[in-house]
Amino acid sequence: MNGHAVAVGGRIFTRPVRVFAALAGLGVLLVLWRLVVGLGAATAMNDGYPWGLWIAFDVVTGTALACGGYAVAILVYILNKGRYHPLVRPALLTSAVGYTVAGLSVGLDVGRWWTIWHVPAFFWHWNLSSALLEVALCIMAYIVVLWIELSPALLEKWQTSSNARLRRWSLALLPVLKRSMIWIIALGLLLPTMHQSSLGTVMLLSGWRLHPLWRTPLLPLLFLISCASMGYAVVVAESAFSSVAFKRKPDMKMLAGLATPMIWTLYAIVGLRVADVVWRGQVGLLLAGDIRSLMAWVELALFLAPAIMLASPASRRDLGSLVRASMVMLFAGALFRFDTYLVAFSPGANWSYFPSVTEILITAGLVAGEVVAYVIVVKMFPIIAGQPATAERTV
Amino acid sequence: MGISRRAALKGLAVAGATAVGVDAARPGRAEGAVLPAPPADAVGMLYDTTLCIGCKACVVACQDANDLPRDPTGIDARYDAPIDLSAKAKNVIKLYRSGDQQSFVKVQCMHCVDPACASACMLGAFKKREFGIVTYNVDLCIGCRYCEVACPYNVPKFQWASATPRMVKCELCNHRLAKGLEPACTEVCPRHAVIFGKRADLLTEARRRLAENPGRYVPKIYGETDGGGTQVLYLSHVPFEKIGFPPLTEEPAPSLARSIQHGVYKGFIAPVALYAALGAVMLRNRKRTGDADGREGDER
Amino acid sequence: MLASFPLLDAPEPGSVSRRDFLRLCTMAAAAVGLGPLAAERFLEAAEAGLKPSVIWLQFQECTGCTESLLRTSHPGVAELILDLISLDYHETLFAAAGHQAEEARRQAMEAHAGKYVCIIEGAIPTKDNGIYCMIGGRTAVDIVQDVAGKAGAIIAIGSCASWGGIPSADPNPTGAVGAAEVLKGKTVVKIPGCPANPYNLLGTVLQYATYGTLPELDAEGRPKFAYGSTIHEHCPRRAHFDAGRFAEKFGDAGHRLGYCLYKLGCKGPVTHANCSVQHFGEVVDAWPIGIGHPCIGCTEQKIAFRVPLHTTVDIDRPTPPDTYPPIHAPQGYVSPVATGLAGVIVGGLAGAGYVASKKLSPAKDTETPARDRSEV
């Protein structure tokens, strides 16, 4: 199979894209409304639960879902597995779009959003003890790095553009990028390592208000490993989606190969979790039978399930089975993050929170926007590798 | 060979990270687990539940001194009666009642010696400033509310109803202290149930009360060492958990997260080293395969 | 219910012992907050015959304020008041009338120019050159500017003189205003009320008579000793307000038990006056709330005869009620609609994903030979 990437082409605003765009448009309108009326009117967050759906999902889970670029980069550039190279660009695109939307979600969630530029700018005020500062700076930097990493795909198209200035710039920049790509990729590996683990450190500051089953110094490590797992799972899901949507024959050997790092990381997570709970003497809490112990069990089950589902080589070569296992894996990672940020966090039993309709719709709109952006870029720029499928339809 | 190298790298990474994590978890070795010292001129308050009569003069005085808006709740939404700290209430009186036991509690910022909010705040909007008072600088705040997530006493509150929100919490009336006045609540209390003074003096007074009236109080000064110590101290005749005080160890609230951050990022050595290592690996990969971005070519 | 009051037991009408007179002065001094020593000085001043001259003007009024002053207790007190001060002009109380009365006034004004106290009762019409109140061929405006112009102290008694009172109620056809409106630039002590509490007047006049000073006035020119607080702040039914016990209708159980009258339209929270501490006629509970009717805010220009009697007012500074929040008060709201929506979305995604994955299953890897499949 030809590994060279090519723009998918075709009509951009198909009906599915129009539907997603409408949802994204609704999201934009609701965002504007939120900016005008304030968080109290637009969300159900309160002083007991100051962080809600937008932090737990849009930012924390969203960035983990956007760790495909990170996961594939480790495989391809550090472990030198060149066979996965065709996955790099689509993964980078998912990551770039995903992280950009996560960054927008942060801007949406903070109360004084017009001052958010202070965070990178006021370096003399930086509080270096704050894990959140590190997360914020790394995410801001990583968004830039991701688009730089992705830029060759964009520039490749623009170097034959009808716009002369665009052509000139593309031709000038491409070789520069090629030469310095190693150091940019290295940044693209360093930054997620830093902030995905620190997303775990962030919640440790809650102390007694974070349930002991999640209040472990291993939390940063668990967040890091699970984000890598989620990265592989996202790449599988996204490749499957792309193959179907854009009628490309999926490279099953490549995708089946992704199961291996996924499974390794899953065993690591489950092993560490159980060992941690035992070593800190919290087994009693696991057996307590309340909602939080139940969630911990569900997490463990969901982390273990994909490893079991993909135990046999045959299951790994079946795209459907791969996709199902990946989805379970993504759900596990998402649940782990939701639990850490919302379920395990309790200001007191007298407080309750559930996202408001507006919060849910804005989140849905943002995700829809990601899908639209992905489709547009994939159709216009050389991202996806492989020739279109033969007459035989795969779906 | 690929498998063994990958395994080795993975193993190293996991082992190293675990080592750091475990290391950070062990008390005594991690930075921040040592009991912090309050500043020499630390001021605070001492509240004695056995003296409080629940008149709420402190609640009203705090509203006036801090220009806080009325909070219409209660019967027919006619009463200005906060049920908890909020963007409109920096100080509230709550009631604990169980059978025969009853106690009023004054709730406001504890002005911790090692505050979680200040450790959380990215740009230092919440910071321990003069006299150890934890004050708020809105110009450095982006409204991320990490301070609310961090505080063990659920103190900082957010102006949810505003499109230009700020955080709200007791700042020990530092604007009054600057004019040589006491905090409004301590000044107005008719029974001196809450008094203002230097933390050291208040501790002495609290110890004196405990020594002279052993049967009257639970034998503990809440805030002496709890959570690393607070500058607002409490004496109570009912167990502290009953009146809403979390049972904290001596370890300051931010110590775990801070020790991990500082442990891993000390001198920024680890990130730089990792960056260099990543670059080195990729350079070596490139040399091997001759490919520009350092990876093996397609195998087909 | 009449309280026992020494002067009611006076031996004969018209004759009052020095001790009882002292008691009167003490009460008056107390009303103004001047202390026991002032009572002695009042007494001395009165005995020395240094009675201040008082010229009492009456315009658009019902004479209620004069009547309430006369009803401070036993008729003997009226005479005492006439003995404490030298009432040199009073249309209601004068035996004389017509030109004789006016002449008496002119003589008093000449004799005590710059020293007499000018008390104004009633509003002053200003429309159509003030023709709606004329005495002896002169308009009220003219008279008051003349008399007050040469006075040592000007006191406006009652709401009508203070800010216009009933005559100034919408549509105010005569252009009635308070005395201060036509006496710009002069200090006018206002003692509003409908009627004003007579002891407020008494204290003010006696302070002026004894010390030559006027009591401290608030921003509207009302003595702070009487109008510095609202009725609400000193109301005997305040505990009921704080505990949320209200009378809902006249005659209901709450009303009979003497609960707070706020819901029946009591203007106490926005009315500055001392009726709640200094009742009328020296009879305990002889004031509106005391007898079970909400305060109508008769001292306040924005309230009296403007806001309907039984309309409730906003309270600017409600203080906390007698209830306390628990240590952990339930807070936060879970929307059932949002819960449903979230369930639908998550379930939908999971279901759709599962169904889609099933469709992908036929795409097995059939290209690679079995040997290579085991390698990753």
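Distance alone, capped at 3.5 Å, is enough to place a donor-acceptor pair between the A:N127 side chain and the B:C121 backbone. A donor-acceptor pair is defined here as one N or O able to donate and one able to accept, closer than 3.5 Å; no such pair exists between the side chain of A:R112 and the backbone of B:L140.
Both the backbone and the side chain of B:S119 come within contact range of chain A, judged by heavy atoms closer than 4.5 Å. In this structure, the portion of A:W114 lying under 4.5 Å from any heavy atom of chain B is its side chain and not its backbone. If you measure heavy-atom distances from B:D84 to chain A, the contacts under 4.5 Å come from the side chain alone. With a 4.5 Å cut-off on non-hydrogen atoms, A:A136 touches chain B through its side chain but not through its backbone. Interface residue A:L35: only backbone heavy atoms are found under 4.5 Å from chain B. Using a 4.5 Å cut-off between heavy atoms, B:L283 touches chain A through backbone and side chain atoms alike. Using a 4.5 Å cut-off between heavy atoms, B:F126 does not touch chain A at all. For a residue to count as touching a neighbouring chain, one of its non-hydrogen atoms must lie under 4.5 Å from one of that chain's; by this rule A:F123 does not touch chain B. Only the backbone of B:A161 comes within contact range of chain A, with heavy atoms under 4.5 Å apart. Looking at A:W183, the atoms closer than 4.5 Å to chain B (heavy atoms on both sides) sit in the backbone and in the side chain alike. Looking at A:V119, the atoms closer than 4.5 Å to chain B (heavy atoms on both sides) sit in the backbone and in the side chain alike. Interface remark: B:A270 contributes no atoms to any contact with chain A (heavy atom separation under 4.5 Å). Both the backbone and the side chain of A:V202 come within less than 4.5 Å of a heavy atom of chain B.
Once rounded to the nearest 0.5 Å, the distance linking OG of A:S206 with OH of B:Y146 reads 7.0 Å. To the nearest 0.5 angstrom, B:F158 atom CZ is 9.0 Å from A:D47 atom CG. Separation of atoms CG (B:N154) and CG (A:N350) is listed at 8.0 Å; rounding is to 0.5 Å. The line from CD1 of B:I260 to OG1 of A:T201 is 5.0 Å long, rounded to the nearest 0.5 Å. If you take CD on B:Q159 and CG on A:L39, they are separated by 12.0 Å, rounding to the nearest 0.5 Å. If you take CE on A:M181 and CZ on B:R286, they are separated by 11.5 Å, rounding to the nearest 0.5 Å.
Between B:W160 and A:P50, the shortest heavy-atom distance links the atoms CH2-O, 3.8 Å. Minimum heavy-atom separation, B:C141 to A:T115: O-OG1, 3.4 Å. Across A:L190 and B:L278, no two heavy atoms sit closer than the pair N-CD1, 3.9 Å. Of all heavy-atom pairs between B:M282 and A:I182, the closest is CE-O, 3.2 Å. In plain terms, the two heavy atoms of B:V149 and A:R209 that are nearest each other are O-NH2, 2.7 Å. Heavy-atom minimum distance, A:L128 versus B:H262: O-NE2, 3.9 Å.
By number of non-hydrogen pairs under 4.5 angstrom with chain A, the leading residue of B:K127, B:M167, B:E148 is B:E148. If you tally non-hydrogen atom pairs under 4.5 Å between each of A:G38, A:S197, A:G207, A:A186 and chain B, the highest count goes to A:A186. Of the listed residues (B:P152, B:A276, B:P254, B:A253), the one with the most heavy-atom contacts under 4.5 Å to chain A is B:P152. Note on B:A87, B:A116, B:C151: by heavy-atom pairs under 4.5 Å with chain A, the leading option is B:C151. Ranked by heavy-atom pairs under 4.5 Å with chain B, the list A:W51, A:Y49, A:F122 is led by A:W51.
Under the side chain to side chain donor-acceptor pair (under 3.5 Å) criterion, the residue pairs touching residues 219-229 of chain A are A:S226-A:R337, A:S229-A:T265, with sequence neighbours excluded.
Taking the side chain as every heavy atom from C-beta outward, A:L132 and B:C144 approach each other to under 4.5 Å. Side-chain contact between A:S198 and B:Q261 is present, with at least one heavy-atom pair separated by less than 4.5 Å. A heavy-atom distance below 4.5 Å is not found between the side chains of A:W113 and B:I142. Side-chain contact between B:V264 and A:M194: absent, with no pair of heavy atoms (C-beta onward) separated by less than 4.5 Å. At least one side-chain heavy atom of A:D109 sits less than 4.5 Å from a side-chain heavy atom of B:R145.
In this view, A:R215 satisfies the salt bridge (charged side-chain N to carboxylate O under 4.0 Å, His left out) rule with no residue, not counting sequence neighbours.
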